[in-house]
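Worksheet for the structure shown next.
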Amino acid sequence: MSLLEMKGIKKNFGAVQALKGVDFQIEEGQVIGLLGDNGAGKSTLIKIIAGYYHQDDGVIKWEGKEIFCRTPAESRQMGIEVVYQDLALVNLLSVWRNFFLGREIETKKGIFKFLDKKKMIDISRKALQGLGIEIPNVNSAVAFLSGGQRQTIAVGRGVYFGAKLLVLDEPTAAVSLREVEAILQLIEEVSKRGIAVIFVAHNIYHVHRVAERFVILEQGIKVADVKKSDGYSAEDIMDIMLGRKQVK
Ligand SMILES: Nc1ncnc2c1ncn2[C@@H]1O[C@H](COP(=O)(O)OP(=O)(O)OP(=O)(O)O)[C@@H](O)[C@H]1O
Ligand SMILES: [Mg+2]
């Protein structure tokens, strides 16, 4: 049984057929690189997984059971954590506030309820450290952090709250070289813990290092679904994307 199984997924935006009947599945703890040129349908597929869009046609199964219309919040509760490039965190709030956003820990004093700030600071610091994520101070506002750091905080939060599937839409785009390394290492660490990862990126070398399977979309159609263990190099993947090579 796959963690997530999608069959014949179609999605139109007016006259644009963004997805024309895509099959996609991912197993527990598996890292999949989702590739394709601009407009191929990657983000649309991810947004359907996130419950942000609903497919026009096709079936989605989560842990073997068919699932129907869900909100993004319901998807999250099921264990699907999507990290978008920019929208992951609230800039004006501190790291620990972002970490617990919508899931705050409260404490009671008599009839009054308070946010348990100390506990949340402590947990978020430890959870991020435990994943090897370096954030100088969890009290600083997210606005002062780099793009890469924000991504890792969003990932750390998902892991702490029990995500089974992490979806990262271009986490290494517009991020410095050192931070790319930190994000790739984090993906490896997360996968070791049995969490599945869908990693969308344009840089084939980033994807190739951490993913064990590659799914390539082209104009709303899946044109390849191959395993690294079958001997696909980064160059092979690039050649398939450019139409210079057929799937073996
Ligand atoms: N909300 C929308 N309204 C109308 N058209 C859309 C919408 N979202 C996506 N599309 C169209 O659907 C197609 C697939 O877009 P999508 O964003 O899924 O591609 P992508 O593979 O993520 O591309 P990129 O690499 O540029 O992020 C494109 O033709 C796009 O213009
Ligand atoms: Mg996209």
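Just so you know, ligand 1 is whichever comes first in the structure, and atom 1 is the first atom listed for that ligand.
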Over all heavy atoms of both residues, which pair between Leu4 and Ile60 is shortest? Give the atoms and the distance, please.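 Heavy atoms of Leu4 and Ile60 come nearest at CD1-CG2, 3.8 Å.
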Minimum heavy-atom separation for Asp225 and Arg213, please, with both atom names. OD1-NE, 2.8 Å
Considering only protein heavy atoms, determine whether one is less than 4.0 Å from atom 2 (C) of ligand 1.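 So far as the 4.0 Å threshold goes, atom 2 (C) of ligand 1 is in reach of a protein heavy atom.
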Under-4.0 Å heavy-atom contact between protein and atom 22 (O) of ligand 1: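 Within 4.0 Å: yes, protein heavy atom nearby.
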Close-contact set for ligand 1 against [X] heavy atoms, below 4.0 Å:
X	result
His202	25 (O)
Asn38	23 (O), 24 (P), 25 (O), 26 (O)
Ala40	19 (O), 20 (P), 21 (O)

For ligand 1, is any non-hydrogen atom under 4.0 Å from Val16's backbone (N, CA, C, O), its side chain (CB onward), both, or neither? side chain
Is it the side chain (CB and beyond), the backbone, both or neither of Val200 that lies under 4.0 Å from ligand 1, heavy atoms counted? neither
From Arg103, Arg97, Glu104, residue fulfilling side chain to side chain contact (heavy atoms under 4.5 Å, CB included) relative to Met120: Glu104
Do any N/O atoms on [X] end up under 3.5 angstrom from N/O atoms on ligand 1?
X	answer
Gly41	yes
Gly36	no
Ala18	no

Check the Mg ion (ligand 2) and write out every protein N, O or S atom at under 2.8 Å, as residue and atom.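 Listed by chain and number: Ser43 OG.
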Go through the steps for Arg76 and Glu81 under the test salt bridge (Lys or Arg N to Asp or Glu O under 4.0 Å), then give the verdict. CA-CA 6 Å; Arg76 230 173 155 199; Glu81 187 80 22; 3.4 Å; yes
For [atom], which protein heavy atom lies nearest, and how many Å away is it?
atom	value
atom 25 (O) of ligand 1	Lys42 NZ, 2.7 Å
atom 6 (C) of ligand 1	Phe13 CD1, 3.3 Å
atom 18 (O) of ligand 1	Thr44 OG1, 2.5 Å
atom 14 (C) of ligand 1	Gly39 O, 3.3 Å
atom 17 (O) of ligand 1	Ser43 CB, 3.7 Å

Please state whether Leu45 comes within less than 4.0 angstrom of ligand 1, counting heavy atoms only.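 No; Leu45 lies far enough from ligand 1 that no heavy-atom distance drops under 4.0 Å.
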Hey, does Lys47 sit under 4.0 Å from ligand 1 if you only count heavy atoms?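 Lys47 does not count as a contact of ligand 1 under the 4.0 Å cut-off.
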Quick one: list whatever passes side chain to side chain donor-acceptor pair (under 3.5 Å) with Glu27, sequence neighbours left out. Ser2
If you group Ile, Leu, Val, Met, Phe, Trp and Tyr by side-chain heavy-atom gaps below 4.5 Å, do Leu186 and Tyr205 land in one group? yes
Cation-pi check, Lys109 to Phe114: give yes when NZ or CZ is under 6.0 Å from the six-membered ring centre and within 45° of the ring axis, no otherwise.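 Pair Lys109/Phe114 counts as cation-pi.
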Cation-pi check for Tyr53 against Lys11: NZ or CZ below 6.0 Å from the six-membered ring centre and within 45 degrees of the axis, yes or no?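 The answer is yes, since Lys11 meets both limits relative to Tyr53.
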What's the verdict on side-chain contact (heavy atoms from CB on, under 4.5 Å) for Leu131 and Arg193, showing C-alpha distance, side-chain angles and the deciding distance? CA-CA 10 Å; Leu131 281 166; Arg193 297 182 181 211; 3.5 Å; yes
For residues [X] and [Y], is any side-chain donor paired with an opposing acceptor at under 3.5 Å?
X	Y	answer
Gln151	Tyr84	no
Gln185	Glu181	yes
Ser229	Glu212	no

Are any side-chain N or O atoms of Gln25 and backbone N or O atoms of Glu5, one a donor and one an acceptor, separated by less than 3.5 Å?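 No, the answer is negative, given that no donor and acceptor are paired below the 3.5 Å cut-off.
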Sole candidate of Asn137, Asn139, Asp122 that passes side-chain hydrogen bond (donor to acceptor under 3.5 Å, both in side chains) when paired with Trp96: Asn139
